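The structure under discussion appears below in the form of structure tokens.
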Amino acid sequence: MMPRVRFAPSPTGYLHIGGARTALFNWLYARKNGGVFVLRIEDTDQERSTPESVQAILQGLQWLGIDWDEGPGVGGPFPPYTQMEKIGRYTQVAEMLISEGKAYRDYSTEEELTAARKAFAESKGLKEGDDFRKAGFKYRSPWRDATPTPEQLQTTAVVRFKMPDREGKFGFDDMVQKRIDKPFDDFDDFVLLRKDGIPLYNFSCVVDDHDMEINLVARGAEHVNSTFPQLMLYEALGWSPPAFAHMPLILGPDREKLSKRRHPEADVMLHRANGILPNALLNFIARLGWGHGNDELFSVAQLKELFDFTAVGKTNGVWNPEKLSSINAHWIKTSDPKAIAEAVLPFLHAAGVPEAVVDAKLEKAVMGFRERSKTLVEMAMKVKPYYTRGVTIEGEAAAKHLGLEGKQMLGRIRETLLGVTTWRAADLDPIVKVISEATGAKMGAIAQPLRVAVTGGTVSPGIGDTLELLGREEAMRRIDAALS
RNA sequence: GGCCCUGUCGUCUAGUGGCCUAGGACGGAGCCCUCUCACGGCUCAAACCCGGGUUCGAAUCCCGGCAGGGUCACCA
């Protein structure tokens, strides 16, 4: 059977890391198994959903390189892919359930419900300010088995699912969590449709997954508990449920579920701004919860080949910025330099080098700094001085390497450099050694004054590469400036 | 609090009864390489939550504690 999986974010903000990983695993699974990856927008929370968030999520996925086969922008055989555009469908399904006695209109007011919840909580000894959910309140609406009068039918009501009264437990086999069971008496008559006719998650999710012929629902483990009412809904509707895979959560440094509220690193685009490569982020989040033997580094192509839900663990993972950084460093130094040049370009522009373009010089700069940069931001900062005219020399570096002796040496180097005909690293590198042999000076006593003169500091790639990158004209200009 | 899930170095993990003197990676310490900084190479420190069973033998199976997380809405 061809897998049909989906990622169904609710557009209440940027794409967050947990969502990105859910999308990634679904996408990898579809790509590996020749399946279809569906993107669905769950915007039934009218309070918090915004069109800007939809765009932010789409852009986040695009940046990561996660493409969808059906959904916003691309369409598909089961439209619409945005829940608010198919309200009529949910109403229709709800009506069907009501007519079959599997759901009912509840005319209780919100105030009555709140009061009942509060009274129950207080009877359990909870006080004002406590979390009333702890009381284990289950609402038994007086309308559960009542027949509404014609007048009532004219007024609005929520629609509740009539949870069957049964003994014992029921459960399901999860591809990640294995068997999970729960006692029946744990469940409540949950709300299908709000008073305004807009469906709630547990309902719209089931209707859509069915309508879109989703056969594997892979989502975060925070949803395992909602799987039970959803399963009851499938049964009541006579629909066959999909398979499930509930992935472990990603935790913040404080060990709590990574949330937009408390954890800035939850924002996918923050990592882009920080100079993280998309494939590095993908590599990192894939390893949070999923593993393949002792391997750590995976290209997207390898991920597509190796990923499997059976290798996803059950333990939550803590966000580890150092590991991300190290994985990013790996992909910076091993990716095609031209691709890195393209990636670093916007950062270079932002750093104040608007004239930079992807050319031979930038690629050379990338080669010079790719082993020295953990992020694109860092690389841009390091590359920038090679694009300016002249350079400011750090006081400490000058004091250490451009004293009387240093300047004398620099003068000698200058004379030698004047005779160089081809300004290439291969020709420039040996000069340090030649002078060392001629004068008896240590290589460091030669390279460092030169390095400080042309870069302004004590740190740079090999001296030959540094000079070549600068170009003859600029290098000589800086040497002259240091000498004067 | 009820219910559900989890518990191997600080972190991510390998490990599915003997291959474990518990392996890898990040981070940490040190050494080597070296014109600087990096990269790279090598070495070291660092873990089976606790207690009972089962077994000739347990990180691996069972039970009980403890700890952590999730969830209990007219949010998703």
Side-chain angles (χ1 to χ4, degrees), chain A residues 8-10 12 42-45 47-49 106 108 110 113-114 117 124-126 130-138 157-160 171 174 177-178 180-183 185-188 190-196 198-202 204-205 219-228 246 248-249 251 253 255-257 284 287-297 313-327 329 333 369-374 382 397 401 429 432-433 436 442-452 455 457-464 466:
Chain A
S10 67
T12 56
E42 304 207 333
D43 57 348
T44 57
D45 182 348
E47 305 269 299
R48 298 192 300 150
S49 297
D106 179 6
S108 311
E110 227 171 315
L113 189 68
T114 309
R117 180 174 284 129
K124 289 274 174 173
L126 273 75
D130 288 347
D131 186 350
F132 287 170
R133 285 177 298 192
K134 285 188 178 181
F137 176 67
K138 279 199 223 29
V158 301
V159 176
R160 283 183 188 273
D174 189 285
Q177 307 287 332
K178 310 304 172 196
I180 313 179
D181 287 289
K182 252 175 174 292
D185 59 16
D186 223 53
F187 302 104
D188 204 357
F190 60 99
V191 175
L192 264 22
L193 249 35
R194 272 182 280 236
K195 207 165 261 185
D196 58 11
I198 295 172
L200 254 49
Y201 170 72
N202 278 335
S204 54
C205 177
R219 69 232 303 196
E222 70 267 29
H223 286 116
V224 308
N225 289 306
S226 56
T227 306
F228 294 89
H246 287 94
L249 270 15
L251 271 25
R255 308 292 152 98
E256 288 191 43
K257 187 169 75 165
F284 174 69
R287 280 290 290 108
L288 234 32
W290 172 83
H292 183 263
N294 278 338
D295 301 339
E296 300 287 345
L297 276 358
K314 297 167 86 165
T315 55
N316 298 161
V318 176
W319 185 262
N320 181 349
E322 278 87 21
K323 186 100 178 190
L324 206 212
S325 178
S326 130
I327 289 174
K333 67 179 173 245
F369 288 102
R370 64 182 193 166
E371 284 175 358
R372 283 166 248 262
S373 311
K374 289 196 182 299
K382 287 178 172 167
H401 298 287
D429 253 336
V432 175
K433 199 168 184 188
S436 168
K442 285 189 174 176
M443 307 247 287
I446 301 154
Q448 283 307 77
L450 177 55
R451 174 170 279 117
V452 171
T455 69
T458 55
V459 171
S460 87
I463 202 69
T466 301

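This is a predicted model, so every value here is computed, not measured. Side chains are part of it too, since the values below use all heavy atoms of this structure and drop only hydrogens, waters and symmetry mates. Naming: A, B, ... by sequence-line order, numbering from 1 per chain.
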Give one of base, sugar-phosphate or nothing for [X], where a contact means two heavy atoms less than 4.0 Å apart.
{"X": "A/Leu288", "value": "sugar-phosphate"}
{"X": "A/Glu296", "value": "base"}
{"X": "A/Lys333", "value": "sugar-phosphate"}
{"X": "A/Glu110", "value": "base"}
{"X": "A/Arg160", "value": "sugar-phosphate"}
{"X": "A/Lys314", "value": "sugar-phosphate"}
{"X": "A/Ser460", "value": "base"}
{"X": "A/Val158", "value": "base"}
{"X": "A/His223", "value": "base"}
{"X": "A/Ser108", "value": "base"}
{"X": "A/Pro9", "value": "nothing"}
{"X": "A/Gly291", "value": "nothing"}
{"X": "A/Asp181", "value": "sugar-phosphate"}
{"X": "A/Gly462", "value": "base"}

Just to confirm, is there a sub-4.0 Å distance from OP1 or OP2 of [N] to any side-chain nitrogen or oxygen of [X]?
{"X": "A/Arg287", "N": "B/C26", "result": "no"}
{"X": "A/Ser325", "N": "B/C26", "result": "no"}
{"X": "A/Arg255", "N": "B/U11", "result": "yes"}
{"X": "A/Lys182", "N": "B/G2", "result": "no"}
{"X": "A/Arg372", "N": "B/G40", "result": "no"}

Do the side chain of [X] and the main chain of [Y] share a donor and acceptor less than 3.5 angstrom apart?
{"X": "A/Ser326", "Y": "A/Glu322", "result": "no"}
{"X": "A/Asp429", "Y": "A/Gly464", "result": "yes"}
{"X": "A/Lys182", "Y": "A/Phe187", "result": "no"}

Taking atom [atom1] in both [N] and [M], compute the distance separating them and give it to the nearest angstrom.
{"N": "B/A46", "M": "B/C12", "atom1": "C1'", "result": "15 Å"}
{"N": "B/G64", "M": "B/G2", "atom1": "P", "result": "15 Å"}
{"N": "B/U54", "M": "B/C61", "atom1": "C1'", "result": "8 Å"}
{"N": "B/C49", "M": "B/U11", "atom1": "P", "result": "12 Å"}
{"N": "B/A73", "M": "B/A67", "atom1": "P", "result": "25 Å"}
{"N": "B/A58", "M": "B/C19", "atom1": "P", "result": "11 Å"}
{"N": "B/G23", "M": "B/A45", "atom1": "P", "result": "11 Å"}
{"N": "B/A59", "M": "B/G41", "atom1": "P", "result": "33 Å"}

May I ask which nucleotide in the shown strands pairs with [N], Watson-Crick or G-U wobble, both distances under 3.5 Å?
{"N": "B/U21", "result": "none"}
{"N": "B/A59", "result": "none"}
{"N": "B/C37", "result": "none"}
{"N": "B/G68", "result": "B/C5"}
{"N": "B/C42", "result": "B/G30"}

Item to check | Side-chain H-bond candidate by donor/acceptor type, A/Thr44 with A/Ser204, under 3.5 Å | outcome: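 No, no side-chain donor-acceptor contact under 3.5 Å.
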Checklist entry - Is a donor-acceptor contact shorter than 3.5 angstrom present between the side chain of A/Asn316 and the base of B/G69? => result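 Result: no qualifying N/O pair found.
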Item to check | Base of B/C72 paired with side chain of A/Asp188 (donor-acceptor, under 3.5 Å) | outcome: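 Looking at the base of B/C72, it does not pair with any donor or acceptor on the side chain of A/Asp188 (distance under 3.5 Å).
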[X] side chain, from C-beta outward: closest of [options]:
{"X": "A/Asn320", "options": "B/C26, B/C74, B/C5", "value": "B/C26"}
{"X": "A/Ser326", "options": "B/C75, B/C26, B/C4", "value": "B/C26"}
{"X": "A/Lys323", "options": "B/C26, B/G70, B/A14", "value": "B/C26"}
{"X": "A/Asn294", "options": "B/G24, B/A76, B/U36", "value": "B/G24"}
{"X": "A/Arg451", "options": "B/G69, B/U36, B/A76", "value": "B/U36"}
{"X": "A/Val318", "options": "B/U36, B/U71, B/U11", "value": "B/U11"}

Item to check | NZ (A/Lys442) with more than 12 external heavy atoms under 6.0 Å | outcome: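 Atom NZ in A/Lys442 is not packed in, count stays at 12 or less.
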Nearest-angstrom distance from the residue atom [atom1] of [X] to [atom2] of [N]:
{"X": "A/Leu193", "N": "B/C75", "atom1": "CG", "atom2": "P", "value": "11 Å"}
{"X": "A/Lys382", "N": "B/U36", "atom1": "NZ", "atom2": "P", "value": "16 Å"}
{"X": "A/Gln448", "N": "B/U34", "atom1": "CD", "atom2": "P", "value": "16 Å"}
{"X": "A/Trp319", "N": "B/G69", "atom1": "CH2", "atom2": "C1'", "value": "19 Å"}
{"X": "A/Met443", "N": "B/C35", "atom1": "CE", "atom2": "C1'", "value": "6 Å"}
{"X": "A/Lys257", "N": "B/U6", "atom1": "NZ", "atom2": "P", "value": "18 Å"}
{"X": "A/Gln177", "N": "B/C4", "atom1": "CD", "atom2": "C1'", "value": "9 Å"}
{"X": "A/Leu251", "N": "B/A67", "atom1": "CG", "atom2": "P", "value": "18 Å"}

Item to check | 5' priority, RNA chain B, between A/Tyr201 and A/Ile180 [closest heavy atom] | outcome: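 Per heavy-atom nearest nucleotide, the more 5' residue is A/Ile180.
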Checklist entry - How do A/Glu222 and A/Thr458 order along RNA chain B: which one's closest nucleotide is nearer the 5' end? => result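 It is A/Thr458 whose nearest nucleotide is closer to the 5' end.
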For a 4.5 angstrom cut-off between non-hydrogen side-chain atoms, does [X] reach [Y]?
{"X": "A/Glu296", "Y": "A/Ile327", "answer": "no"}
{"X": "A/Leu288", "Y": "A/Trp290", "answer": "no"}
{"X": "A/Thr455", "Y": "A/Ser460", "answer": "yes"}
{"X": "A/Arg219", "Y": "A/Cys205", "answer": "yes"}

Checklist entry - How close do A/Arg451 and A/Ile463 get, heavy atom to heavy atom, and via which atoms? => result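 Heavy atoms only, the tightest pair is NH2-N, 3.6 Å.
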